[in-house]
Each structure stands twice: as C-alpha cells, then as structure tokens.
Amino acid sequence: MTEEFERRRILVVDDEERMVRFIRMNLEHDGFQVAEAFNGKQAIQKLRDATPDLILLDVMMPDIDGFDVLETIREGSTVPVIMLTAKGEEDDRVRGLELGADDYITKPFSPREMVSRVKAVIRRTEGAGGSMHDIIEVDDRLKIDFDRREVWLEGKLVKLRPTEYRLLYHLVQNAGWVLTHDQILIKVWGYEYRDEPHYVRLYINYLRQKLEKDPANPKYVLTERGVGYRFVDFKRPKE
C-alpha cells in the first residue's frame with residue numbers, strides 16, 4: 001500500500017461492471033478509496049456526494065456519453081479527469097483534452113499504466129492547487145479534517161449536515177476566491193437547482209451560525225455583494 005495515496009478518493013465511471021471491478025481492485029491495492037458510477041447521471045450525483053480527488057471517466061456510455069459528462073463537470077468543477085475509451089483516434093483524444101480532461105487512457109490498458117497515470121495527475125494537480133488531505137488550520141478557533149469529515153471549533157466537534165459540509169468543502173477548496181451564486185448552486189446542489197439562489201443564502205446563514213463567533217460580522221464566510229461568497233484566504237501570510 002502506498003501511504004501517499006491512502007486517502008485519495010477516485011470516482012470510476014463506466015457502464016461495464018466488470019471493468020469497474022477491475023479498476024477498483026487495482027486502485028484499492030495501491031491504497032485509493034474508490035466510488036463507482038455506471039452512467040452519466042450517477043457520475044454527476046457522485047461528484048457532489050463523494051467529492052472525489054480524481055475521476056476516471058469512460059467515453060462510451062449508453063445514456064450520456066463521457067464527453068457530455070465531462071462538459072457538465074467542467075461547468076462547476078476543476079476535479080482532475082482522466083478519460084477512458086476504446087477509441088484511439090486523435091480526434092477523440094483532442095476533443096477530450098479540449099473539453100478539460102487532464103489525461104487520456106486507451107483501452108485495453110495495463111493496471112500499472114492506469115495507476116501510474118492516476119498518481120501522476122494527482123501529483124500534478126495537487127502541486128498546483130494545494131492538498132485538501134492535511135488537517136486544515138484556518139486559525140486558532142477553526143480546524144477542518146476533510147478526510148474524516150470533521151470540523152472542530154474551539155476544540156469541540158461541530159455537527160454539519162451533508163449539504164452544509166459540501167458547501168464548506170467547496171468554499172474552503174477555493175479559499176481566497178469568489179464563488180458566484182451559480183457556481184455554488186452547481187457544485188453543492190447540482191445543475192437542476194441553478195434557478196434557486198435562495199438555497200445559497202439559507203445555507204450560508206446556517207454555516208455562519210455554526211462557525212462564526214459573530215454571524216452578523218463573519219470572519220470566515222465573506223459576502224461579495226452582488227456576486228457571491230468567498231472563504232477567508234487563511235493561507236495568505238498575515239501582515
């Protein structure tokens with residue numbers, strides 16, 4: 001088992017159950033945690049629920065093909081994606097990469113090649129954006145362990161509902177950057193909720209009630225009036 005990748009979550013999306021089992025077995029052997037989806041709709045749902053570190057996405061699926069799924073993912077997420085396909089044509093590889101895929105593996109592939117590609121893409125993307133797998137110390141009051149799904153405030157465990165947790169996850173993942181109302185709706189609730197901005201205001205309020213010392217004057221979840229919300233940039237050195 002490789003400790004470096006022990007807690008990394010991989011979402012495997014393929015309509016062939018035998019292929020999913022094969023990929024799962026090899027990823028788990030190297031210490032990865034694996035979630036499964038067998039069609040495009042399940043993939044979008046698992047992206048919200050499982051918050052994977054990387055997605056292995058098959059191109060040829062019966063309801064929504066992998067290109068359409070990738071396009072939908074990229075409307076609201078930067079999670080690394082490796083495309084899997086029996087197609088080896090250059091046009092397909094280029095199309096996947098232009099839609100935002102991070103790599104491309106052609107079937108049949110060896111387990112060693114597949115696992116190596118997964119590790120390489122994770123190292124590359126985490127090196128660019130920072131890891132969410134260490135315990136995050138926002139300040140002396142607030143600590144977050146996303147691997148254990150635990151939030152600690154002044155030494156006490158805070159109970160968050162699943163939606164509150166997903167909202168916090170995406171805000172912290174983009175700490176220092178503004179997320180618009182639409183971006184938050186798509187990441188936390190899904191595309192079908194794009195016309196429900198009151199959901200964002202309601203759950204931002206819930207989160208502030210649980211985390212902020214003074215919810216009326218928040219220090220963690222900041223409002224960007226008319227645009228959206230921003231989690232405080234706790235990584236920036238204090239002046």
Side-chain angles (χ1 to χ4, degrees), residues 1-11 28 31-35 45-55 76-80 122-123 125-181 183-190 193 198-224 228-239:
M1 181 178 291
T2 307
E3 290 185 1
E4 181 184 2
F5 299 99
E6 190 174 351
R7 294 179 177 180
R8 301 298 191 272
R9 292 180 291 270
I10 311 297
L11 173 59
E28 289 182 341
F32 292 97
Q33 297 177 4
V34 177
Q45 184 64 43
K46 286 287 179 72
L47 172 62
R48 291 200 296 272
D49 296 343
T51 57
D53 296 292
L54 183 143
I55 299 175
S77 174
T78 58
V79 63
I122 288 177
R123 285 195 186 102
T125 53
E126 287 193 348
S131 173
M132 293 282 280
H133 291 274
D134 300 324
I135 295 177
I136 295 171
E137 296 191 22
V138 177
D139 58 14
D140 292 339
R141 293 182 70 241
L142 179 61
K143 296 178 175 57
I144 306 168
D145 185 343
F146 283 114
D147 284 332
R148 297 180 182 277
R149 300 176 75 91
E150 291 179 349
V151 177
W152 296 83
L153 190 69
E154 297 179 342
K156 296 180 180 177
L157 194 61
V158 179
K159 290 188 69 173
L160 295 183
R161 289 178 287 188
T163 303
E164 295 166 351
Y165 175 84
R166 289 201 302 275
L167 176 58
L168 180 64
Y169 178 89
H170 290 295
L171 287 169
V172 173
Q173 189 180 37
N174 295 279
W177 298 89
V178 178
L179 292 179
T180 66
H181 297 93
Q183 286 174 321
I184 293 172
L185 279 166
I186 291 171
K187 287 174 181 289
V188 178
W189 283 271
Y193 290 88
H198 60 284
Y199 277 39
V200 177
R201 291 193 294 272
L202 185 65
Y203 276 83
I204 287 286
N205 184 51
Y206 289 157
L207 210 50
R208 284 173 171 166
Q209 293 293 331
K210 292 186 177 181
L211 301 184
E212 301 282 358
K213 184 176 287 186
D214 179 4
N217 296 287
K219 302 298 183 187
Y220 300 129
V221 183
L222 309 175
T223 300
E224 294 291 336
Y229 297 93
R230 171 173 60 87
F231 198 87
V232 64
D233 188 1
F234 57 91
K235 297 175 185 175
R236 175 180 290 183
K238 294 179 181 175
E239 298 178 354

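Position 1 is the first residue of the sequence; numbering continues from there. Both backbone and side-chain heavy atoms feed into the values below; hydrogens, waters and symmetry mates do not.
Of all heavy-atom pairs spanning Leu185 and Tyr199, the tightest one is CD2-CB, 4.1 Å. Contact between Leu171 and Phe231 at its shortest, heavy atoms only, is O-CB, 3.4 Å. Shortest non-hydrogen contact noted between Val34 and Glu28 is CG2-CG, 3.9 Å. Counting all heavy atoms, side chain and backbone alike, Leu167 lies closest to Val188 at CA-CG2, 3.8 Å. Nearest heavy atom pair, residue Val232 against residue Ala175, reads O-CB, 3.7 Å. Closest heavy-atom contact between Val158 and Leu153: CG2-CB, 3.5 Å.
More than 12 heavy atoms of other shown residues, nucleotides or ligands fall within 6.0 angstrom of atom NZ in Lys143. Around the CG atom of Asp140, the shell of radius 6.0 Å holds no more than 12 heavy atoms that belong to other residues, nucleotides or ligands.
Within the 4.5 Å cutoff, no side-chain heavy atoms of Val178 are placed close to those of Leu222. Residues Arg230 and Asn174 form no side-chain contact, since every pair of their non-hydrogen atoms from C-beta on lies 4.5 Å or further apart. Side-chain atoms of Leu47 and Pro52, non-hydrogen and from C-beta on, do get closer than 4.5 Å to each other. Residues Trp152 and Arg141 form no side-chain contact, since every pair of their non-hydrogen atoms from C-beta on lies 4.5 Å or further apart. Side-chain contact between Leu11 and Val79: absent, with no pair of heavy atoms (C-beta onward) separated by less than 4.5 Å.
Looking only at atom types and distance, the side chain of Arg208 has a donor-acceptor partner in the side chain of Thr223 under 3.5 Å away.
Under the salt bridge (Lys or Arg N to Asp or Glu O under 4.0 Å) criterion, Lys213 pairs with no residue, sequence neighbours left out. Judged as a salt bridge (Lys or Arg N to Asp or Glu O under 4.0 Å), and not counting sequence neighbours, Arg149 has no contacts. In this structure Arg201 satisfies the salt bridge (Lys or Arg N to Asp or Glu O under 4.0 Å) test with no other residue, sequence neighbours excluded.
Judged by a 6.0 Å distance limit and a 45° cone about the ring axis, Arg9 is not positioned over the six-membered ring of Phe32.
Checked by atom type and distance alone, the side chain of Glu212 pairs as donor or acceptor with a backbone atom of Lys219 at under 3.5 Å. Between the side chain of Asp139 and the backbone N or O of Leu142, at least one donor-acceptor pair lies under 3.5 Å.
With Phe146 as the fixed residue, the side chain to side chain contact (heavy atoms under 4.5 Å, CB included) test singles out one of Ile135, Thr51, Val172: Val172.
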Q) Should Val138 and Ile144 be marked as a side-chain contact (heavy atoms from CB on, under 4.5 Å) after you check the CA-CA gap, both sets of side-chain angles, and the distance that decides it? A) CA-CA 8 Å; Val138 177; Ile144 306 168; 4.2 Å; yes

Q: Show the numbers, then the answer: is there a side-chain contact (heavy atoms from CB on, under 4.5 Å) between Lys159 and Tyr165?
A: CA-CA 9 Å; Lys159 290 188 69 173; Tyr165 175 84; over 6 Å; no

Q) Under the side-chain contact (heavy atoms from CB on, under 4.5 Å) criterion, do Leu168 and Leu211 qualify, and how do the steps go? A) CA-CA 10 Å; Leu168 180 64; Leu211 301 184; 4.0 Å; yes

**Q.** Residues Glu150, Leu157; criterion side-chain contact (heavy atoms from CB on, under 4.5 Å); working and verdict
**A.** CA-CA 7 Å; Glu150 291 179 349; Leu157 194 61; 3.8 Å; yes

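Remark: Glu164 engages Lys210 in a salt bridge, criterion side-chain N to carboxylate O under 4.0 Å.
Ring-plane geometry between His181 and Tyr229 is classed as perpendicular, the angle between the planes exceeding 60 degrees on a 0 to 90 degree scale with a lower cut at 30.
Here the NE2 atom belonging to His170 is positioned 10.0 Å from the CD1 atom belonging to Ile184, to the nearest 0.5 angstrom.
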